[in-house]
Each structure stands twice: as C-alpha cells, then as structure tokens.
There are 2 protein chains.
Amino acid sequence: MKKQIVIVFISVFLVQIMGTSCTKKQVSKHPILSLTQESKSLIKKDLEEIPLLQSSFDELKKEADKAIREGIDVPTPKDPAGAYTHNQHKANYMAMYAAGTVYQLTEDETYADFVREMLLEYARIYPTLPEHPVKKSYAPGKLFWQSLNEAVWMVYTSQAYDCIYDFLSENDRQLIENNLLFPYADFLSIESVKVFNRIHNHGVWAVAAVGMCGLATGNDELVERALYGVPVNGEKVHAGFLVQMDELFSPEGYYTEGPYYQRYALLPYVVFAQAVNNARPELKIFEYRNNILEKAVSTTLQLTNTDGTFFAFNDAMKGMSFLAPELVNALDIVYANGSHDERILTVARMQDQVILSASGYRVAKAIAEGQTKDFVWNSMQLGDGAKGDKGGLAVLRSGKNGAESALMMKYASHGLSHGHFDRLTCNFFDNGTEILTDYGSARYVNVVQKEGGRYLPENDTWAKQTIAHNTVTVNETSHFDADMDEAEKFNPEGFYYNADDPNFQVVSAIEKNAVSGVQMQRTMILYSDTDILGKTVVIDVFNLRSKQKNQYDLPWYYSGQFIYTNAKYNAFTTTQHALGNNYGYEHLWLEAEGKADNGVQLTFLSNYKFYSIHSETNENTEILMARIGADDPNFNLRREPCMIIREKNAGDHTFVSLVEPHGGTDPNMELTHSPFGMVKSIKNSSNDVNYALVEIKTQNDDSLTIAIALNDNKENSEHMLSIAGKEIKWTGFIAKIQNK
Amino acid sequence: MKKQIVIVFISVFLVQIMGTSCTKKQVSKHPILSLTQESKSLIKKDLEEIPLLQSSFDELKKEADKAIREGIDVPTPKDPAGAYTHNQHKANYMAMYAAGTVYQLTEDETYADFVREMLLEYARIYPTLPEHPVKKSYAPGKLFWQSLNEAVWMVYTSQAYDCIYDFLSENDRQLIENNLLFPYADFLSIESVKVFNRIHNHGVWAVAAVGMCGLATGNDELVERALYGVPVNGEKVHAGFLVQMDELFSPEGYYTEGPYYQRYALLPYVVFAQAVNNARPELKIFEYRNNILEKAVSTTLQLTNTDGTFFAFNDAMKGMSFLAPELVNALDIVYANGSHDERILTVARMQDQVILSASGYRVAKAIAEGQTKDFVWNSMQLGDGAKGDKGGLAVLRSGKNGAESALMMKYASHGLSHGHFDRLTCNFFDNGTEILTDYGSARYVNVVQKEGGRYLPENDTWAKQTIAHNTVTVNETSHFDADMDEAEKFNPEGFYYNADDPNFQVVSAIEKNAVSGVQMQRTMILYSDTDILGKTVVIDVFNLRSKQKNQYDLPWYYSGQFIYTNAKYNAFTTTQHALGNNYGYEHLWLEAEGKADNGVQLTFLSNYKFYSIHSETNENTEILMARIGADDPNFNLRREPCMIIREKNAGDHTFVSLVEPHGGTDPNMELTHSPFGMVKSIKNSSNDVNYALVEIKTQNDDSLTIAIALNDNKENSEHMLSIAGKEIKWTGFIAKIQNK
C-alpha cells in the first residue's frame, strides 16, 4: 500500500519536472506519427521494468550509435539496388528513424543533431537531383532507381523529422520542408500520379509516404492527397488510402500477391494508419471496413508453417517468416489498436522485439504481465479480390492448435506480376517441415553476384511455370500458355469448403480457363482417422474433363530423401537428358522412367519422418523421376526431386492420390519405426465422370470409401451410384463410407 | 531448521524400516554391476530433489511399463537385422534392463516378475537353439544373426539378472544360470574363441558380456576369461579386457575406426569397467593405462561439430551425435570415476538423461548443484594405433571455447573394415555447420527398404573411394587401388603439429604409400588474422611429388548453394554424363567444365553465411563442377555438389588454396553483407619443390606470405629462399611474413 502511494507521488513529481523543463517551448503536438507525448512518457517510465521494451530500445540505440559513429554520408545517387549509394540511402533513413526515436526517449541532443545534419545535407542536394541514372523502373525515383524505395525513404524520414521537429529552429524547418520534404512529396504524388493513384502496393507506399510527411509537417494538403488521391484534371479520383484499404485486400484480409508480398505491403498500411489514428482519431481508421487491417495482419500470420515461414507460393523467398520487421510493426499496431488478441503475443515473443511506440509498449507490457496465450493456426478459406469472389485459397489444419499438419490448396487469382501459373496447386506441411513443396521464386535477394539480387531468368523459365508446381500440366504447356495478361483475366472458382468436422476437412475448386478445352477440378481432404489408419492423411482427387485426348502430368515435389518406389523403372545412370525443352520442362533432368500399372507408391524420408504418396495408375500411366537443375548454366536452381505421374492420351481423367506420414528414424538411437505406410491401395471406382468413388485399402485389408458428387456442391442433394451391383447412397457433396 | 531435522529423522527412520524389511534375506552384494546397494539408496533418497534423475527414472519406468503391458514375447530366432525376431530380442534385453532397474528403485515385484518370467522363457528355448538361420556373419549368433548382437544382449541381460538376483528362488537361479546364462557365456567365449580373443570392438563386446555375466552370477571363471582371454590349447593368450584397453585405443584415447564407431565401442568398455570397479575395486580399472577410458570418452566428445554431431569420416552415419545413449553411459561413468571434469556436464545437460546408477546420480546431482561449466572444444593432435605411432588426425579450433570453427585433417591408419581411402582428407566446420563435407557412409541404418539397413553397394563404390573426399586422387584411381588389405599395411606420418599460437595453428602430414611413385604431403593452417583479413581462414598446401606425369584431382565438397565462380566454363544444360567409370567417378555427374588460368574462386552460401574457396591454377588446370548421383539406380546417394581442381600432366605439383568465410544473409531482414571475400589471390611463389612460399593478396592489396620448409620439421632450422631477387629468411618449419 505504502509503496504504491510513493510511486504515484514520484510519478506526479516527475510529470511536473518534465512539464517545467518543456516550458521554454510551446506545448507541441510532436511527435505524433508513431511515438506520441503520452506513449513516450509511458515508455520512459516503464523501460526498465519491461524486458522486451528495454531490449528493443537497446537495439535501436545501438543502431543509432553505430550510425553516429560512422558519420553522415549522403552520396550522389548512382547505383542500382544492392550497391553502395542505394544501400547508403537505405541505411540513412533507418539511421534517422533510430536516432530520432532515441532522441525522444533520451532527450540526448546528440541524436537530434545527427538527424538534423543529415536532413540538412539531403535538403542541400535534393533540389538539383535529376531522375536516378539507373533507368530500369517503370516509375523511377531520384535517390533510388525506383520510386518504391523513394517512398519507403520518406515513410521513415517523416518519422525522424517528426521526432526532432521541436528541436529544430524555425529556420531549419523552413529549409528542410521547402527544399526537401515538400518537393519530395510532390515528386511522389503530383509528379508520379500514376503510381500514386494506382491500386497496388507501390501506390500504398507512396500514399503512406506523402501522408506521413503531411502529418509530420502539418501540411493538410499532403494528407488529403494521401487519404483521397491526387485529383486528375481537377476531377476527384478513385484513389488514396481509403480506396487502397477497400480494394487491395479481400474481405478476409487476403492480398492477391500472397503472404510474402502481403508482409511487405502491410507496413505502409499499418504505419500510416497509426499516424492517422494519432492525428485524426475521428476517422476511426482501424475500424474501417470491419477492421480490415487487423484481418490482413491476422491472415498474414496464419499463412505460415509452424516455424513461422510463409507459405512460399508465388514469387516468395523461402525462409521469410513472421519474424520479419514488417510484421513486428504490423503485429504491434493491430494488437494495440484492434481486439487485443492475446494469442498473437506468442508471435511477438518469438519476434523478440517491439516498436518504440504506444503499440509496442502495449505488446511488451502485455507479455510482461503474462497475458500471452498459445498461437492457434486455424483452418480457413480466404477469398481473393476486393469482394472475395476471385477464387481464393484454403488451408486445412490438424493437431493441437492446428500445429501438426497443414494442407494448402490454392485457387486464387493470378497474383499480378508476382503470380505463378499454378492453378489448383497444393502444399503439405507436417512436423514443422514443408513436405510437398513449392519452389518459391528463383532469386537470391540482395546477393549481388546473382544478377544484383533481382529475379533471375529462371524465375520466368522455371519457377513460374506450371510444371514447377504440384498441379497438372496439360500437353507440356503451362496454364494460360504462361501469358500473365491472360491469367489475370480469369480466376478459378471455389466450389466447396467445409472444415466443420476437424477430422474430415474438405476443399474443392474448379479451373475452366487455364487450359483451353480442359476443365480441372481438384478436391482435397485432410482426413484424420483414428480407426483404420490411426493418423492424418491427405486425399487428393484431381478431376480433368476434356473432349480431346491430352497428356496430363501431375508432379509431386517432395523434400527429403527417396527411400522406395514400387514402380519398375529404368534409371539413367551414365547419361541423362532434360525432360523437355519449354515451359519449365527444360529445367528438369529425367532421372528415371517406369511403370506401376496397379498403383504407384513413393516413400521418402523428410526431417526424420517417413511419408508415402500413393496414386492410382493404369497400364498407360508413366512414372517419371525427375530433378530440377537442367538448363541452369549459372547454378541458380536448387536440385530438388519430384515424381511425375504422366497420363497419356487421356480425355476425362481423375487422378486419385493419398499422402500419409508414417514412422521415422532417430539418428542418435539408430531406431527406425514404421518404415512402411498403412495404405495398400487407392483407386477411383466410379465410371461416371461426374462422381468420384475413392476406395482406400489398408495393409490390414480394412477399407474406406469416399464418395464425391463433383458437379453438385449442395449439402442436401441425394446421390446414388451403382458399383458392381452394389448401391452406394449419400447426401451432399462428399461423404465417407467406412466398411472395415 | 526444524524442517531439516524432521527430514533427517524421517530418513533415519526409513533406513531402519528398509533395513528391517531386508532381514528376511541375507545381506546381499546384489545388485553390483551398475546399481549398487549404496547408489540405490542415494537415488531413492534424492530422486524427487534432482530433476534430471527423476526424469531419467520416469523415462525408464515408462519403458518398463510399456514392455510389461505388451507382454512377454520370446520368438524363435529367424529374421535378419531390422526385422521382427531381431527387433524383438533387442527390445527384450532393453525391457529386462529397464524392469530390473525399476524393480531395484521401487521394490515393486511386478517388475522383478516380468524379468523372471522372460529369463525363464529364454532358459526354456535356449538349450535347443541352433546357430541362427541367417548365415551372413563371419561370427554367427543364436538369438541374432551375428554374435555381436548376441553379446550386447548379454551385457544388458546380466544387469537385469543382477537386479533381480535376490528376488529369485535358488531354483530359478539354477535354471536360468545352467540353461541360459552359462551356456550362453560359453558360446560367446569358448565356442567363439576367435571373436572373443580378437583385439577388435566385437571382441570387447564379447568380453564385457561374459565378464558381466560372471560378476552377476558370481562365476569367477567367466570373469577371468573376460579379463585375461580364453586360453588356447591350454596356453595363456594375449587377449581379454586389459589387453583390449591396452591396444584398441591410442595413448590419447583415439579408436582407429573413427568417432562414430568409437561411440559404439565405448559402451562395453565403460559398462564393464564400472562393474569391475564395483566388484573388484582393487583392480583400479579406471586408472588403468593413465586413465585411458576417460581419455577415450573425452576424445569422442571432442571429435564433434558444435551441434554435437560426430565428424563423419569413415563409415559414419551423419547425424549421430554425443547425445547417443552410448555416450550417456560413457559420460556418466567416466565423470563419476574419473577427474570429475565439470565441463562435460554441459554435454550431460544436452543429453537430458542420466543412467540410473551411482555415476548417473553423481552427474545429475552435480548439475542440480550448478557445477556445470562450459564445454570447451580444444585443438588437438591424436595419434592412431596402440602406441600412437600409426598416423593420426589433427583438429584445429578457433573462437570462444573452440566453438566457432574447426578444421579436421586426417592422416590416420585405414580404420579396419570401416575405413575409407581418404589419406590426408580434411573437413571444415564453421557457424555450427559442416562447410567442407565428408559424405560419411552410404547407408540408411535400420531402414528395411534400403537393403535391410545394411551398408549399401554405393558404400563401396562411392563412399569409400578417394574421389568422394577432399583429398587428391591420382590418375582417377583410389588410394591403394581401393584395396583394404594394402591400405591397412601402411599409415601416413604426422610431420608437424603446432597449435601453440591460437591464431596460427598448423598441421602437416605425409603419405608415401597410397599411390605408387607419388609422395603426398598436406599442410593445413587455421589462421586467425585480425590485421589484413579480419577473420579466421583455412590455408591448404597440398604438395605432390612424382617422377612420372600424373593427373591430380583435388575436389572440394561443399554444403549449400553455389553463388559464383570466376571460372569460364561450359555447363551441360540438356544432357550430362558421368565423370568416369570407376573408383567412384562413375557416381559423379559432370555439370560443367572450364578454366580459370589465374586462380579459381568459388563462392557458396551455407547456413546463411558466404564462403569462398580460392585456389591457385595455371593454364593446364581444369575446373570441373560435379554432383553426386550418377550410377545410382536406387536413389541411394545424396545429390551434393563439388568443385574439382584437375591438374593434368603434372609431376611435382603443389595445390595452394584458401577457404574464407565472409558475410551472410538474413532471410527475415533480407539483408546481405559482404557477399565478396577479402582475398584476391593465392599462389605459391617457390620454384623449389622442397619449399612452399604462399602469397596471399587481399582486395585492399595487402599481402601476406607464408613460408614452409616442406622437408624439415625442426623448429630451429634456418631457411632462406631467393625469390625475384628478394631474400626470404625464416626459422623452423613454417613462418608467416606479413608485408602489408
């Protein structure tokens, strides 16, 4: 009791002292963008009490101190991404942001001086800067080769300026605003109006940059531009921050380029939203469109393997995870301004960092107070497109907190310039490991030797092509003939989704346009069986319909080491050749080809666990073992294996497959258990192309049938099939019929 | 205070009760092999106080309970390794050991009953058992296909018998000893005298088995056989446990098969030594041969990467580490019976398990009392052979606790049947990762689909061959023409070792017999330079002398992803062929071939860090990029890459190379630093084949020269070379001459 009173007394006293020390300046609204007067006081008061806050501050201070030690370097822009002047200007905005924030939290003027001097140096060179000499972008910048980086610079620099606003003389402010910030903001908005008004993540960055500059400088016109777009020919436009919030995310918060780019796109949204909320709380920006920002962050956190790495579809860099700095910002800001979902505190703890603002403070404090709850990965269906009607994707999860295995099936729109031709592809994660893999992008980001860190030629020739994915390639030609403009015109359709029964979760989607004359429908089931299988398996029914005869290739890309196949094959042992010469086939070495007339099985070992893929085959089916790496003169590609199931001269055809985990090895104990799977066979007994009747037999001769009405997704339709004189009846799109 | 007194009172009281309850049997010396009456009391008293002891007990009890639930199953021996009857007999001895130990610690007779019943069942079937039907071993067993497993069975079973000795009726004992244990011990010793008297790890297992049986049953004759061998034709022999301790390890405790097998060989040594020490303390077995057992354990712990995995040379399974159960036993036993080295407690903590004995008790208690010190990896030279004069190996370490990087150079003897033809090979570890790799063995231990878990054909055709290692293959023929008997006849010679200066550690060794007419000398330096390089690098001087012209291939097997080479090469993009057709060359795909007349550089990315290999070349040098995987119809091999530096038509030749770590990438930050190395060039300026004068130039045009007197390892010899009119003088085998 006594102690509490003393603390209150001291607090009051401190506030008084601080109040006094501020009297020489008029009461200021700065900082306002991220830190505020109020949050600053809270952080200073509790810094030593909250470990995560202290360590985050120490980290930022270290960064600022390092920059100050190294001195100010504002070079004339010259280099492309990854090289000196590019890197230096990037380092500069980070340094100014760090120093500005540390100044606010320490009131040590060394930090403010550093920011001031650097801004003055920028203000000195900016007025005469021409367009950047590296002319490779559709939207060039001045400090950087593309205006995207230009905008990022301003998002951070505005925050630094905001932090030292009160420290600067009126004269300094005039200089910096008139010679640097205002012309810079005009360049990003009025002079780059197409980018600025574009509904695209580049547009969001520009909008946030200009808006933050406007809020930091008190320039309302800039803020208006940011919120509502730059009028064209005096006309109001359908653009600006609110429109970007309306249109760039689906209603569930999915961004069409996929989680790797969603992570990047989120940062300007949340940072600017925070600033808007501080400066114009009446806009209730975090409640906008049913809390769309919180949904977008939540969706990004969900589209991950249990190690936090993002599902790597589209142009993703593998290894990028929810520990990325963009998600530190995003998580802190939506936690504090949203529903305070304590489960995401688990992720914040893994991030081991918070931003130095009211939001970061709240997160760190909640963690210190023990409010963290387990993060839960949920099964979910996400629509694509602003209205959620442009296809989508489904994630089916099983195990405690959804953390055991995850099946992702993608039937989203193309995904703009970062999309791949991978309609109806899938990935499977288990035991913390990506088991059925997506190649991601062919790129070594920021590695100069690899084409300056840009996307490599093999990104187009390999990574984007259909055959690089776990979906069907028809006649060795990628979906939409690998024409992005065509692909952007059409989206697949979600046909069925039901995860109500956690032990029998189903998704089905249809693609009618990717291959002329061929309709593809994929139905996948995450099936947890305690009865005859005793485990969770993936069941895949890939139905193709065509009046012509085609070749269908269904590859399974797997991680780990080949253990066994029942296929009889010839391996290429002294010479080997590429599988084809176009649409990515030129990048696959054919290691072996063979047959398995009565069903093929492939067993492999991944992260000390066995997995078997079982797939129905017939006398026409070819089994190809292939490996990425042909036509790769610069060794840009990873040598990963796949098994391709090739169906020749097929019109209507249904691939039915099952993937089961089983047993494993222990390298220290040298113990192996269950190296053989439980499944003996899988086949489709339906003769009617409108139905699939998947029969699974186990090694114990138990069996299970799954019936699917491919054409009818109504839950109350009644169906009957007659197979070998036996009538099979069920209600709804799908039913499992266990007949042990 | 009060509490303590109460506890003491209760303890005294308990001891009295227990004493009383024991009076119905006469005071027994059982158990004696591992647990003893004294250690049993200590463990029971402190079990709940010492977390590691409690969790280890819980684990063992879980195992025993599971076995009891599953019931007794003693099948007629039939199957090979990995299959049912083999696995069941293995499970049985573990179950008996667990149940016996749990009985001692709980006095719950359920456990003793289980062991009794199983022993009686074995005693019922054993007398009429023929030799095992799977006749693939040079020394077959009865329960198992090879007598090695037969011995392991007895090592564990003797301990179980010891634990329930007092529980059994005299009648049971007679039955079990006369029908099972004694004939079993006779089979292992008198009837398998060659194995039993052989100086080999199979011999050690047999000796330990028979000795433990003798101690458990009080049969002194068996103990004598174990300690001193089985007389042949009435003559005393040079065999038995003491001779095995004399001859199987080098004076430093190195075992010629390498650490993977040393781990396995250690178990019977330490377990039997513990039993001998309990029963015959007067033998002072742990002090024998200057504490050779403690040295052997220490050496095994040292021959590891910092993740605990063993250096994988010879027939090693990759992934096996000092967390293996054999090393739990070995560590506990030598800690307690040796010098109580508190640094190995770090390893015990990682093992997270102790054995239930006085030794395990001491380890768990020391950890609970906070006595753990950091484990330190040391630079060391280890001789091979009983006298340490059959070659050896050196490990050079740098960084805090030796934990940053490690260079291993091997000049040991062949390593018996598990040796590889890899004279003067090396491996490099950095950042917790194996950077310059050894393939290990081609085997999936206990994976039935992979030839029943045995060594695969590719172990002989690939893994053992010289070209599979980071050493020189001459004229595409393995060392000793891949003839093990020849290889066993000769060993390389350590020529120089000096790790006194932690920043300039050197090893040099000579091999004269591996290739007829060619002398090979390799000198490697782990050089930590704070001046012009600012890092730790590996410098390699591989000197070859021959009167004939030869082709020399020096491969560098690396982990990770190719980033860059300066070589101008042609890549095979649409077809590729195997590099050769014998001595392992048939298993390499040639991916590219090229030239780099003025020195070759290869940069790769491994575990988010860059590494560059620099090597001197000339106009005759060919650069080959190759990848393991040709002639591999069963997909048994891992597809790992290498660069081969090929010198054609060379007689005397010195390869000089440098390996440097630099910079890295952060996948979450998408930052890359120092993708280029510091080294610009390396070359040997000496024209005299007796000397090497290695000149290293940096990107900053600093330079460094290392002078080596290849023929003269005396520290006080004075040397002078005249190069381009400049005199270079130094004293001793090697000197570095910095000329910035």
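Below, read A as the first sequence line, B as the second, and so on, with proteins coming before strands; counting in each chain starts at 1.
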S.K.: Between CD1 of A:I628 and CD of A:E640, what distance do you get to the nearest 0.5 Å?
M.R.: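 If we round to the nearest 0.5 Å, A:I628:CD1 and A:E640:CD are 5.0 Å apart.
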
S.K.: Using a cut-off of under 4.5 Å on heavy-atom pairs, state which of B:R263, B:H587, B:K450 scores highest against chain A.
M.R.: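 The residue among B:R263, B:H587, B:K450 with the greatest pair count is B:K450.
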
S.K.: Name the region of A:L588, side chain, backbone, both or neither, that has any atom closer than 4.5 Å to a heavy atom of chain B.
M.R.: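 Neither part.
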
S.K.: Can a salt bridge be assigned to the pair B:E591 and A:R639 using a cut-off of 4.0 Å between side-chain N and carboxylate O?
M.R.: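 Salt bridge: yes.
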
S.K.: Could A:E59 and A:K62 be called an ion pair, given the rule that one side-chain N must be under 4.0 Å from one carboxylate O?
M.R.: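 Yes.
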
S.K.: Let's test your reading of the structure: which of B:P325, B:G663, B:G308 forms the most heavy-atom pairs below 4.5 Å with chain A?
M.R.: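 Of B:P325, B:G663, B:G308, B:P325 has the most heavy-atom pairs under 4.5 Å with chain A.
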
S.K.: What residue, out of A:R638, A:Q576, A:M625, has the most heavy-atom pairs lying under 4.5 Å from chain B?
M.R.: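 Result: the option with the highest number of such pairs is A:Q576.
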
S.K.: Relative to chain A, which of B:W589, B:F572, B:Y564 shows the most heavy atom pairs under 4.5 Å?
M.R.: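 Top count of heavy-atom pairs under 4.5 Å with chain A: B:W589.
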
S.K.: Using heavy-atom distances under 4.5 Å, tell me whether A:S321 contacts chain B through its side chain, its backbone, both, or neither.
M.R.: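 A:S321 touches chain B through backbone and side-chain heavy atoms alike.
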
S.K.: Side chain from CB out, backbone as N, CA, C, O: work out which of these in A:N581 comes under 4.5 Å of a heavy atom of chain B, or both, or neither.
M.R.: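 Answer is neither: A:N581 stays 4.5 Å or more from chain B.
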
S.K.: Do you know which of B:V445, B:T565, B:I563, B:T665 has the most heavy-atom pairs under 4.5 Å to chain A?
M.R.: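 That would be B:I563.
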
S.K.: Please look at A:R627 and chain B and tell me whether the side chain, the backbone, both or neither of the residue comes under 4.5 angstrom of a heavy atom of that chain.
M.R.: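 For A:R627, the contact with chain B is made by the side chain alone.
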
S.K.: Shorter than 4.5 Å, heavy atoms on both sides: which option in B:M320, B:E586, B:M669, B:H577 has the most such pairs with chain A?
M.R.: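 Option with the greatest count: B:M320.
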
S.K.: Below 4.5 Å from any heavy atom of chain A, which atoms of B:Q561 appear? Answer side chain, backbone, both or neither.
M.R.: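 Answer is side chain: those atoms of B:Q561 sit under 4.5 Å from chain A.
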
S.K.: Does any heavy atom of chain B fall under 4.5 Å from the side chain of A:D631, the backbone, both, or neither of them?
M.R.: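 Both backbone and side chain.
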
S.K.: Can a side-chain donor-acceptor contact be found between B:S559 and B:S606 if the only test is distance below 3.5 angstrom?
M.R.: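 Distance-only check passes for B:S606 and B:S559.
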
S.K.: Go through the atoms of B:N634 and report whether side chain, backbone, both or neither lie under 4.5 Å from a heavy atom of chain A.
M.R.: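 It is both, since atoms from each part get that close.
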
S.K.: With no hydrogens and no angle check, just 3.5 Å: does a side-chain donor-acceptor pair link A:K90 and A:N149?
M.R.: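 Note: A:K90 and A:N149 side chains miss the donor-acceptor criterion.
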
S.K.: Which region of A:E670, side chain (C-beta onward) or backbone (N, CA, C, O), has a non-hydrogen atom less than 4.5 Å from a non-hydrogen atom of chain B, or is it both or neither?
M.R.: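 For A:E670, heavy atoms of backbone and side chain both lie under 4.5 Å from chain B.
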
S.K.: Please round to the nearest 0.5 Å and tell me the distance separating atom CD of B:Q449 and atom CZ of A:F676.
M.R.: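 The CZ atom of A:F676 is 4.0 Å from CD of B:Q449, to the nearest 0.5 Å.
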
S.K.: Measure the acute angle between the ring planes of B:H418 and B:Y455, then classify it against the limits of 30° and 60° as parallel, tilted or perpendicular.
M.R.: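 The arrangement is tilted - the two ring planes meet at 30° to 60°.
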
S.K.: Looking just at side-chain N and O atoms, do B:S612 and B:E660 make a donor-acceptor pair shorter than 3.5 Å?
M.R.: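 Not at all, the side chains of B:S612 and B:E660 share no donor-acceptor pair under 3.5 Å.
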
S.K.: Looking at A:P641, A:A630, A:P633, which makes the most heavy-atom pairs under 4.5 Å with chain B?
M.R.: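 Option with the top pair count is A:P633.
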
S.K.: First locate atom OH of B:Y444, then atom CG of B:N636, and finally report the distance between them rounded to the nearest 0.5 Å.
M.R.: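 Result: 6.5 Å between the selected atoms.
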
S.K.: Parallel under 30°, tilted from 30 to 60°, perpendicular over 60°: which one fits the rings of B:F604 and B:Y611?
M.R.: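 Judged by the thresholds at 30° and 60°, the geometry between B:F604 and B:Y611 is parallel.
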
S.K.: Is it true that B:E458 and B:R443 have a side-chain N and a carboxylate O under 4.0 angstrom from each other?
M.R.: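 Salt bridge absent between B:E458 and B:R443.
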
S.K.: At a heavy-atom separation under 4.5 Å, does A:M317 approach chain B through its side chain, its backbone, both, or neither?
M.R.: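 Interface part for A:M317: side chain.
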
S.K.: Look at B:T573, B:D666, B:N446 and state which one has the largest set of heavy-atom pairs under 4.5 Å with chain A.
M.R.: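 Going by pairs under 4.5 Å, I would pick B:T573.
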
S.K.: Can you tell me which portion of A:A571 sits under 4.5 Å from chain B's heavy atoms? Options are side chain, backbone, both or neither.
M.R.: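 Looking at A:A571, just its side chain touches chain B.
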
S.K.: Fit a plane to each ring of A:F562 and B:F635, take the angle between them on a 0 to 90° scale, and name the class: parallel (under 30°), tilted (30 to 60°) or perpendicular (over 60°).
M.R.: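 Plane angle between 30° and 60°, so tilted.
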
S.K.: Can you tell which of A:L605, A:V447, A:L590, A:N87 has the highest number of heavy-atom pairs within less than 4.5 Å of chain B?
M.R.: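 Winner by heavy-atom pair count: A:V447.
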
S.K.: What part of A:T603 gets within 4.5 angstrom of chain B, counting heavy atoms only: side chain, backbone, both, or neither?
M.R.: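 For A:T603, the side chain is the part near chain B, not the backbone.
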
